[in-house]
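See structure below.
In what follows, every chain begins at residue 1, and chains take the letters A, B, ... in the order their sequences are listed.
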Amino acid sequence: MSGQRSSVRLSELLSGDPVDVAPRLLGKILAAGPPGEETSGRIVEVEAYRGEDDPASHAFRGPTARNRTMFGRPGLLYVYLSYGMHYCCNIVCWPEGRAGAVLVRALRPLGGLEQMRSRRLRARRDVDLCSGPGKVCQALGIDRAADGTDLLSPGSGVRLVDDRSGSVEGIVVAGPRVGVAAHLLTAGELWRFSVRGDENVSRSGSASGASSARADPVVQP
DNA sequence: GACAAGATTGACT
DNA sequence: GTCAATCTTGTCC
């Protein structure tokens, strides 16, 4: 079936340097939950983390019980608890044994909106449902139990889908990562990628929500 | 064993 | 724009 072909395409798309893979994930669909209760959204903001080459990455100091999944094969989901309150999900992309992943920061809600609203009671508007890494996991019902899930397996609890209708060519904006201490950022890095003008992009990444001076985002050619 | 830091969020001023 | 909440993880002694 074409589904198998698409997962082959996705596995190729997901393999490689996280900085190269991150913009390719924009426009793809992240879906979670069983059929009938599925929640899904189109990826509109991501950040690349280069493992042991990246001081800001959890994997910088090598594998631990928490980040073990990051050293797994491309296509696995790495979920961690942030600030003791929020889960954040990453998509592993470097080959097994080398840590590297792309953090999913924001989605444009597509399916299961009622389910998302019931999980995100504090969201006043639909654009607040998935406009941040912690919000994405809450809206999709992703927690630490989903760590290590194979996103390319159709039967998984969390899946990545390429419906080929989400092209973001020409509207990808690159910029420095947010929420990362300045001394941990790699000089000149533009490892955060978002869809230009999308209202679901997280507030800390939007121009109006910027609370401190940072480099201007650059539109990808 | 103790302590500090953190890939965030939301409420409040 | 500022700040508190909350708790896991990693480091140090």
Taking for each residue the nucleotide of DNA chain B bearing the nearest heavy atom, is the 5' side occupied by A123(A) or by M70(A)?
M70(A)
Tell me whether the NZ or CZ atom of R66(A) lies within the 45° cone about the ring axis of Y78(A) and under 6.0 Å from its centre.
no
Flag the pair I91(A) / V104(A) as yes when at least one side-chain heavy-atom distance between them is below 4.5 Å, and no otherwise.
yes
Stem list for DNA chain B, please, built from Watson-Crick and G-U wobble pairs under 3.5 Å and keeping only runs of at least 3.
B:1-6 with C:7-12, B:8-12 with C:1-5
If you draw a 6.0 Å radius around CZ in R68(A), do more than 12 non-hydrogen atoms from other residues or ligands fall strictly inside?
no
For a quick test of reading the model: is some side-chain N or O of H58(A) closer than 4.0 Å to OP1 or OP2 of dA7(B)?
yes
Distance in angstrom units between L81(A) CG and dT9(B) C1', rounded:
13 Å
Counting heavy atoms from C-beta on, name the nucleotide in dT6(C), dA11(B), dA7(B) closest to the side chain of M85(A).
dT6(C)
For L184(A) and dG10(C), give me the distance from atom CG to atom C1', rounded to whole Å.
14 Å
Does the aromatic ring of Y49(A) sit over the six-membered base ring of dA7(B), closer than 5.5 Å centre to centre and tilted less than 30°?
yes
Taking for R144(A) and for Y83(A) the nucleotide of DNA chain C with the nearest heavy atom, the one nearer the 5' end belongs to Y83(A)
According to a 4.5 Å side-chain heavy-atom criterion applied to Ile, Leu, Val, Met, Phe, Trp and Tyr, with indirect links allowed, do V102(A) and V172(A) form part of one hydrophobic cluster?
yes
May I ask you to evaluate whether S82(A) reaches the phosphate of dG6(B), defined as a side-chain N or O under 4.0 Å from OP1 or OP2?
no
Looking across every strand, which nucleic acid part, if any, lies under 4.0 Å from L103(A) by heavy atom: base, sugar-phosphate, or nothing?
base
Considering only distance and modelled atom types, tabulate donor-acceptor pairs under 3.5 Å from the side chains of residues 13-32 of chain A, sequence neighbours left out.
from: S15(A); atom 1: OG; to: S11(A); atom 2: O; distance (Å): 2.7
from: D17(A); atom 1: OD1; to: V19(A); atom 2: N; distance (Å): 2.9
from: D17(A); atom 1: OD1; to: R50(A); atom 2: NE; distance (Å): 3.2
from: D17(A); atom 1: OD2; to: R50(A); atom 2: NH2; distance (Å): 2.7
from: R24(A); atom 1: NE; to: L13(A); atom 2: O; distance (Å): 3.1
from: R24(A); atom 1: NH2; to: L13(A); atom 2: O; distance (Å): 2.9
from: K28(A); atom 1: NZ; to: R24(A); atom 2: O; distance (Å): 3.1

Is R66(A) close enough to dG6(B) that one of its side-chain N or O atoms is under 4.0 Å from OP1 or OP2 there?
no
Write down the distance between OH (Y87(A)) and P (dG6(B)), rounded to a whole number of angstrom.
21 Å
Just the rounded figure in Å: distance from P of dA7(B) to CD of E47(A).
10 Å
Evaluate the side chain to side chain contact (heavy atoms under 4.5 Å, CB included) criterion for residues L103(A) and Y49(A): first the C-alpha distance (whole Å), next the side-chain angles of each, then the deciding distance (0.1 Å), finally the verdict.
CA-CA 7 Å; L103(A) 171 69; Y49(A) 286 85; 3.9 Å; yes
Grab the CD-P distance between E45(A) and dA7(B) for me, whole Å please.
16 Å
To the nearest angstrom, how far is D147(A) atom CG from dT9(C) atom P?
10 Å
From CA spacing to verdict: side chain to side chain contact (heavy atoms under 4.5 Å, CB included), L160(A), L10(A):
CA-CA 8 Å; L160(A) 188 67; L10(A) 268 176; 4.0 Å; yes
Between dA7(B) atom C1' and I91(A) atom CD1, what is the distance in whole Å?
15 Å
On the nucleotide dT11(C), are OP1 or OP2 found under 4.0 Å from the side-chain N or O atoms that R61(A) carries?
yes
Using heavy atoms to find the nearest nucleotide of DNA chain B for Q138(A) and A56(A) separately, return the residue whose nucleotide is more 5′.
A56(A)
For a quick test of reading the model, state the closest non-hydrogen atom pair linking A106(A) to N200(A) and the distance between them.
CB-O, 3.4 Å
Without decimals, in angstroms, what is the distance between N67(A) CG and dA7(B) P?
12 Å
